[in-house]
A.B. asks: 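After the structure tokens below, expect a handful of questions from me.
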Amino acid sequence: MTQEVWHRRTEWPLTVASLIFLGAYSTQVIANTDALIVELLIWGTWAVFVVDYLMSLALAPQRGRWFVRNLHELAIVALPALRPLRLLRLVTLLRVMHRVGGNALRGRVLTYVLGAAALLIYAGALAVLDVEENAPGSDLTTFGDAIWWAMTTITTVGYGDHYPVTLLGRCVAGGLMIGGVAVLGVVTASVASWMVQAVAEETQAELNAAEEPVQRELQKLSAQVQHLTALLEAGNTDRLSSQREES
């Protein structure tokens, strides 16, 4: 068993666990409930991620280097008490989105960015609603308001009609702003790349169309030169033969 084989075998089970967690956590936050079944599902998925982290660490060829490079994995399993940070477990879904995009680089980037943006908006709305819905003086008390706030925040619009009043809520807002800038930057770069490639392909097609008559003329001239060369060689051969017969 290697780490690569482990990740390949557990990718879909971890994705299912992430979706179960997302459903349970959404129910807990939106319904503002601490029902036992919801808590069991949340802690059950946490146990699954703990096992995955320990196996990945145990199977890593260089454990120290893997530990340092995967501190976000440690945060996913080591911070269950901070409820908004539980949403870091949804990073597992991004691995699947990365593969669904296909082999084309632009397809992977587009799928990954759109999926990450939707997940970021939803997770940000859940996180801010979780810490704000019961806070004194907060106006982020419904999921609809939280989604609207997340959309205006990730796009850096910030109407100001809704805003977090708690420290943790403002930390969520800061992370959402940074993530929004990164997502919009990737989208802008992807669109610019597509436009540059489209213009380059159109320009190349025009150049090929313009060069086609020239290429045909060059082929004709090359054929004529070869024909004349053959005639000259044939004439020289006949002349040499005549001189030999005379001598």
A.B. asks: Tell me the closest heavy-atom pair linking Leu140 and Leu129, and the distance in Å.
C.D. replies: O-CD1, 3.6 Å

A.B. asks: Only pairs under 3.5 Å count here: list side-chain donor-acceptor contacts from residues 163-179, not counting sequence neighbours, and write none if there are none.
C.D. replies:
from, atom 1, to, atom 2, distance (Å)
Thr166, OG1, Glu132, OE2, 2.5
Thr166, OG1, Gly169, N, 3.0
Arg170, NE, Pro164, O, 3.3

A.B. asks: Determine the minimum heavy-atom distance between Val128 and Ala146, stating which atoms define it.
C.D. replies: CG1-CB, 4.2 Å

A.B. asks: How about Tyr122 and Leu126: do any of their side-chain heavy atoms sit closer than 4.5 Å?
C.D. replies: yes

A.B. asks: Quick check: closest heavy atoms across Arg63 and Leu57, and the distance to 0.1 Å?
C.D. replies: CG-O, 3.3 Å

A.B. asks: What heavy-atom pair brings Asp139 and Asp161 nearest, and what distance separates the two atoms?
C.D. replies: OD2-O, 3.1 Å

A.B. asks: Please report the closest heavy-atom contact between Ala117 and Ile154, naming both atoms and the distance.
C.D. replies: O-CD1, 4.2 Å

A.B. asks: Please say yes or no: joined through hydrophobic side-chain contacts below 4.5 Å, possibly via intermediate residues, are Val181 and Ile121 part of one cluster?
C.D. replies: no

A.B. asks: At what distance, to the nearest 0.5 angstrom, does CG of Asn32 lie from CZ of Phe143?
C.D. replies: 14.0 Å

A.B. asks: Hydrophobic clustering (ILVMFWY, side-chain heavy atoms < 4.5 Å, transitive) - are Val16 and Leu40 grouped together?
C.D. replies: no

A.B. asks: Below 30° counts as parallel, above 60° as perpendicular, anything between as tilted: where do the rings of Phe21 and Tyr25 land?
C.D. replies: parallel

A.B. asks: What's the spacing between Leu41 CG and Leu36 CG if we round to 0.5 Å?
C.D. replies: 9.5 Å

A.B. asks: Using a 6.0 Å cut-off, check whether atom CE of Met151 has over 12 heavy atoms from anything other than its own residue.
C.D. replies: no

A.B. asks: What are the two closest non-hydrogen atoms of Ser56 and His7, and how far apart are they?
C.D. replies: OG-NE2, 3.1 Å

A.B. asks: With a 3.5 Å distance limit and no angle check, can you tell me whether Asn70 reaches the backbone of Trp66 through a side-chain donor-acceptor pair?
C.D. replies: yes

A.B. asks: Which pairs would a plain distance check flag for residues 215-228, meaning a side-chain donor or acceptor within less than 3.5 Å of a matching protein atom at least two apart in sequence or in another chain?
C.D. replies:
from, atom 1, to, atom 2, distance (Å)
Arg216, NH1, Glu212, OE2, 3.3

A.B. asks: What's the separation between atom CD1 in Ile147 and atom OG1 in Thr152, rounded to the nearest 0.5 Å?
C.D. replies: 11.0 Å

